Amino acid sequence: MKPALAAALFAVLLVSPASAEPQVFDCVAEPAQRVAIGSPVTGLLASVRVGRGDEVKRGDELARLESTVEEANVALATAQANARESLESQRTRLELAEANLDRSLKLMNSGSVTQSKIDELQAIVAISRRDLVTEELRLRLAAIELDRQKSLLARQSIKSPVDGVVVEQNLRAGEFVRQDSAIMTIAQTDPLHVEAYVPTTLWGKIAKGSRGTVSLDHPADTRIEAEVTVVDRIFDAASGTFSIRLALPNTDGSIPAGQRCKVSFDTTVAGQ
């Protein structure tokens, strides 16, 4: 083989996609979000059920404010909503009034009952019907009031909005909670957000949905495929890079957040 031909073939092999090495970039694996847990109302903390380092699930009760008054209000509203005696009594009165009117109408032709008596009985039936409607409305309003009191009681229970880990506890049982104070902070660790900066030469080659391989030291020799979820549209002119984010599955919570990592992309795919 001639030297010139061999050199040309070697150059082709160097740039061939089949021989291209994956491009590797530094990255950081961070929690998807950190949530400072507060309270919609002020009050005294009666209990705090979790502490720093505890895992929590969405909907778990984290803490509860003192709620003696709210519980009593719910009990009272429940009793009022279930008090149907007046309704049943009014329904019986209406049935009796209608029966009296029917008997009187049958006797009217015989002259035993006067028209004025019929008018009086018809008025009693009409009034009884309105009183029954009033009682039904009272029960509907009582049910609405019960729902309102239950909602007020529910606000005394502080629940987790995400799955995650408690990373900071600011208040404990017996302390006063204000609406602008955080009881604790929860970090969402599934998925983890992998943040990386890649050169602008890869703009348009790495896009949402692209797949990369994330390598981490903890647990040792961990390599997991992750999907690109964010591609910034603003370059950093000083470094000639742009930021990307990948979603790293962490269902079992075995990957600690806040560690440095490496993310690699197959250039044969990225270059398509």
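Note that the structure is predicted; figures quoted are calculated from it, not measured.
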- Do you see a donor-acceptor pair shorter than 3.5 Å between the side chains of T68 and E66?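 Checked: T68/E66 side chains pair up, N/O donor to acceptor below 3.5 Å.
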- Query: Would you say the side-chain atoms of R223 and S215 include a donor-acceptor pair closer than 3.5 Å?
  - Reply: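 Indeed, the side chains of R223 and S215 share at least one donor-acceptor pair under 3.5 Å.
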More than 12 heavy atoms of other groups within 6.0 Å of [X] [atom1]:
X	atom1	result
F25	CZ	yes
E55	CD	no
D221	CG	no
L137	CG	yes
R172	CZ	yes
R211	CZ	yes

Would a distance-only check, ignoring hydrogens and angles, find a side-chain to backbone donor-acceptor pair under 3.5 Å from [X] to [Y]?
X	Y	result
D54	G51	yes
S181	V177	no
R49	A63	no
S157	A154	no
S128	I124	yes
N250	T189	yes

- Does the pair K262/D26 count as a salt bridge with the N-to-O cut at 4.0 Å?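 A salt bridge is present here (some side-chain N lies under 4.0 Å from a carboxylate O).
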- Is it true that E98 and R129 make a salt bridge, defined as a side-chain N closer than 4.0 Å to a carboxylate O?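 Counted as a salt bridge, because a side-chain N and a carboxylate O are separated by less than 4.0 Å.
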- Apply side-chain contact (heavy atoms from CB on, under 4.5 Å) to the pair I224 and I255, showing each step before the final yes or no. CA-CA 11 Å; I224 302 178; I255 303 175; 3.3 Å; yes
Does one hydrophobic cluster hold both [X] and [Y], with members joined at side-chain heavy-atom distances below 4.5 Å?
X	Y	answer
F235	I244	yes
L192	V162	no
L94	V133	no
V228	W203	yes
V231	L246	yes

Taking all atoms of both residues into account, what is the closest heavy-atom pair of [X] and [Y], and its distance?
X	Y	result
A182	A36	CB-CB, 4.1 Å
Q80	R138	O-NH1, 3.8 Å
I158	G38	CG2-O, 3.6 Å
S243	Y197	CB-CE2, 3.7 Å
S264	V24	CB-CG2, 3.8 Å
P219	P256	CD-CD, 4.2 Å

Min side-chain heavy-atom separation [X]-[Y] under 4.5 Å:
X	Y	value
F242	D236	no
D131	E135	no
V35	Q188	no
L44	L65	no
E145	R148	yes
L248	L216	yes
N170	I37	no
L152	Q149	yes

[atom1]/[X] to [atom2]/[Y] distance, rounded to the nearest 0.5 angstrom?
X	Y	atom1	atom2	answer
N100	I118	CG	CD1	10.0 Å
S254	H218	OG	NE2	13.0 Å
S39	Q179	OG	CD	7.0 Å
L121	L105	CG	CG	8.0 Å
D119	L101	CG	CG	10.0 Å
S160	M184	OG	CE	9.0 Å

- Steps toward side-chain contact (heavy atoms from CB on, under 4.5 Å) verdict (Q23, L202): CA-CA 10 Å; Q23 298 196 43; L202 293 180; 3.9 Å; yes
- Query: Step by step, would you call Q169 with V48 a side-chain contact (heavy atoms from CB on, under 4.5 Å)?
  - Reply: CA-CA 10 Å; Q169 182 179 349; V48 178; 3.6 Å; yes
- Task: Let me see the working for L62 and I183 under side-chain contact (heavy atoms from CB on, under 4.5 Å), right down to the final yes or no.
- Result: CA-CA 9 Å; L62 306 175; I183 300 172; over 6 Å; no
- Item | Derivation and outcome, salt bridge (charged side-chain N to carboxylate O under 4.0 Å, His left out), residues K159 and E61 | CA-CA 4 Å; K159 297 183 178 181; E61 185 175 78; over 6 Å; no
- Residue that, paired with L87, satisfies side chain to side chain contact (heavy atoms under 4.5 Å, CB included) out of T134, L132, T92: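 Among T134, L132, T92, the one that satisfies the side chain to side chain contact (heavy atoms under 4.5 Å, CB included) with L87 is L132.
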